Amino acid sequence: MRRVLILGGGTGGTLLANLLARRPFDVTVLSASDAHLFQPSLLYAALAGASPRLTRPERRLLSRRVRLVRDTAVRVDLRAKRVRTASGSVYESDALVVATGARAAPAQIPGLSETAARFGNYHSDVAAALRLRAALDAFRGGTIAVGQASPICVCPPSPAEGVFLIDRLLRRRGLREKTRLVFFTPYPRPYPAAAIDALVAPRLRALGVEVRTVFDVESVDPATGTIRSLEGDELRCDLPVIVPPFAGAAIEYEPADVLDEDRFLAADKATLRLKGVDDAYAIGDAAALPTSKAGVGAHLQAKVVAAELTGKPAAFDGRTHCPFDLGDGTGVFVTSSYSARAVPCRPRRLNLWMKKLMPRVYWLSLSGLLEPIFDAYFALTAPQAAPAPPAPAPPREPAAR
Amino acid sequence: MPPEAETHRRIDSRGEACPGPITDLALAYRRAKDGDVLELWATDPGVRSDVRAWAERTGSELLSVEDRDGAIVSVLRVRRRRP
C-alpha cells in the first residue's frame with residue numbers, strides 16, 4: 001500500500017487523512033498536539049464570553065484506519081520523503097503532505113511577546129484568548145487599540161471582527177462612552193480588499209471608531225501601552241489588542257529553498273505540489289499561495305490533494321468563503337478566488353447564524369462525510385469570475401511572501 | 001564601517017487581485033531599509049490609487065508608475081522617518 005505521511009493534524013491534515021483512509025493508502029498523521037483547536041472559536045471566547053468546547057482530541061477526529069503519531073517534525077528531506085522528529089524517530093513514506101499551518105510569531109515585533117503575555121490576543125491559543133477576556137473584564141474606560149501588526153494574518157476578517165465585537169461588548173457594559181476605540185491597519189483602508197471595505201469603513205465611522213491606516217507596527221511597549229509604527233506614528237492605549245504576525249512551523253527542509261522568508265512553502269497554486277520535488281504537497285496555512293489563509297482553503301486544498309493522490313487531476317481555484325461577523329447581529333461571507341476578486345454578499349442574520357453554527361459542524365466536517373453538502377454549497381456560492389487579468393507568464397522571482 | 005548598500009527589489013504580484021499587491025508591497029516595506037527601491041509589478045488596476053496613498057502615508061517616494069508588458073509597474077524609494 002502506498003504510504004502517505006501528513007505533517008500536521010489541523011483542518012487540512014485531518015480532512016485529508018480521513019478522505020484517504022477510505023482508499024487503499026497507509027496513512028500516518030504526525031501531529032505535535034493531540035488537542036485539535038477550532039481556531040475561529042478564539043474570537044468568541046475572548047470577545048463575547050462564549051465558552052464552547054474549543055478543542056477535541058485529534059485521535060477521535062481521525063478514522064481508525066489512520067495512524068496518529070504525537071511528535072514534532074524537525075527535519076524533512078522532501079526528495080527522500082524522510083522525516084526526523086523531535087523524539088529522534090525517523091518516518092519514511094511514498095508521498096508527503098505538509099499541513100503544519102501558521103503560528104503566531106509575536107517575537108518578530110519587539111515588545112509584542114510581552115504584550116501578548118500580559119493582555120492576551122485572540123489568535124494564538126486558548127490561554128491567550130482567556131487572558132484577553134480577563135483584560136477586557138477588568139477594563140473600566142480609557143483607550144483600546146485593536147489592529148493587525150503585519151500584513152500576514154490568518155482569517156482576513158478577524159481584525160475588523162475584533163473591533164466590532166469589542167465595540168458591542170463595551171456598549172453592553174455601558175463603557176463605550178468612556179472608551180476611545182482605535183483601529184489600526186498596515187493597509188490604506190480599514191479592510192484590505194476594497195469591495196469589502198465599502199461595508200466596513202462606514203460601520204466603523206458610525207460606531208465612532210478612530211481609524212489609523214498605513215500603520216505598520218514596529219514595536220510595542222506593554223508598560224506604557226505605546227505602539228510605534230514604521231511610518232513614525234505613535235499610539236498610546238490602556239489595552240492593546242494586537243493580531244500578531246504569523247509564520248510557518250520551525251522545520252528544516254531539504255531542499256531549503258522550498259521555504260520563503262516567513263517559513264511558508266512554495267507550492268503550485270493549483271496542484272499544491274511543492275516546487276521542484278515529486279510526490280510532495282503543501283496545504284492550508286503552511287503553503288505560500290496568493291490567496292487568504294483561512295480554513296476553507298485548507299478544506300478545499302485537502303480535497304485537491306486527495307484527488308491528486310488517487311490519480312485524478314484536480315486544481316485548487318483559490319476559493320475563499322470567510323464568514324465575517326459585523327457585530328450588529330448580521331454577517332457576510334467574503335468570497336473570492338484566483339479569478340474573482342473579494343466581494344461580500346448582503347449582510348444578513350442568516351449569515352451570522354451560519355457562522356455561529358460552524359463550531360458544531362466543523363468537527364463532523366473533518367470526517368469527510370459532509371463533502372456532498374459542501375460541494376453543493378460551494379458551487380451555489382461561487383464568486384463570479386472577473387474578466388481574466390493578463391496571466392503572469394514568466395516564472396516568479398522569489399516573492400515577498 | 002560603510003553603510004549597507006541600498007537594494008533594488010522586484011515584487012511580482014501579477015495576477016493577484018486586491019489586496020494581494022498591496023500586501024506584497026507592505027511585506028517588502030517591513031523588510032526594507034531607508035533608501036531601498038521597491039519595484040511592484042501588478043495587474044490589478046486598484047494598485048494605482050493604493051500605491052499612491054501608501055507612498056504618501058509611509059513618506060516613501062513614488063518614482064514612477066507606468067504600464068509595461070501588460071502590467072502596472074510602480075517604483076518606490078523607501079524612506080524611513082525613524083532610521
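Sequence lines set the chain letters: A, B, ... in the order given, protein chains first and strands last, and positions in each chain run from 1. Please read these numbers as outputs of a predicted model, since none were measured by experiment.
If you check the side chains of A:Ser336 and A:Thr320, you find a donor sitting under 3.5 Å from an acceptor.
Between B:Trp54 and B:Tyr29, the ring centre distance stays below 6.0 Å.
Taking the charged nitrogens against the carboxylate oxygens, A:Glu261 and B:Arg9 do have a contact shorter than 4.0 Å, which makes a salt bridge.
Rounded to the nearest 0.5 Å, atoms CZ (B:Arg77) and CG (B:Asp36) are 9.0 Å apart.
Residues B:Gly70 and B:Thr43 come closest through the heavy atom pair O-CG2, 3.8 Å.
For residues 190-205 of chain A, the interface with chain B (any heavy-atom pair closer than 4.5 Å) comprises A:Pro192, A:Ala193, A:Ala194, sorted by residue number.
Annotation: cation-pi pair A:Lys269/A:Phe316 absent, no NZ/CZ under 6.0 Å from the ring centroid and within 45° of its normal.
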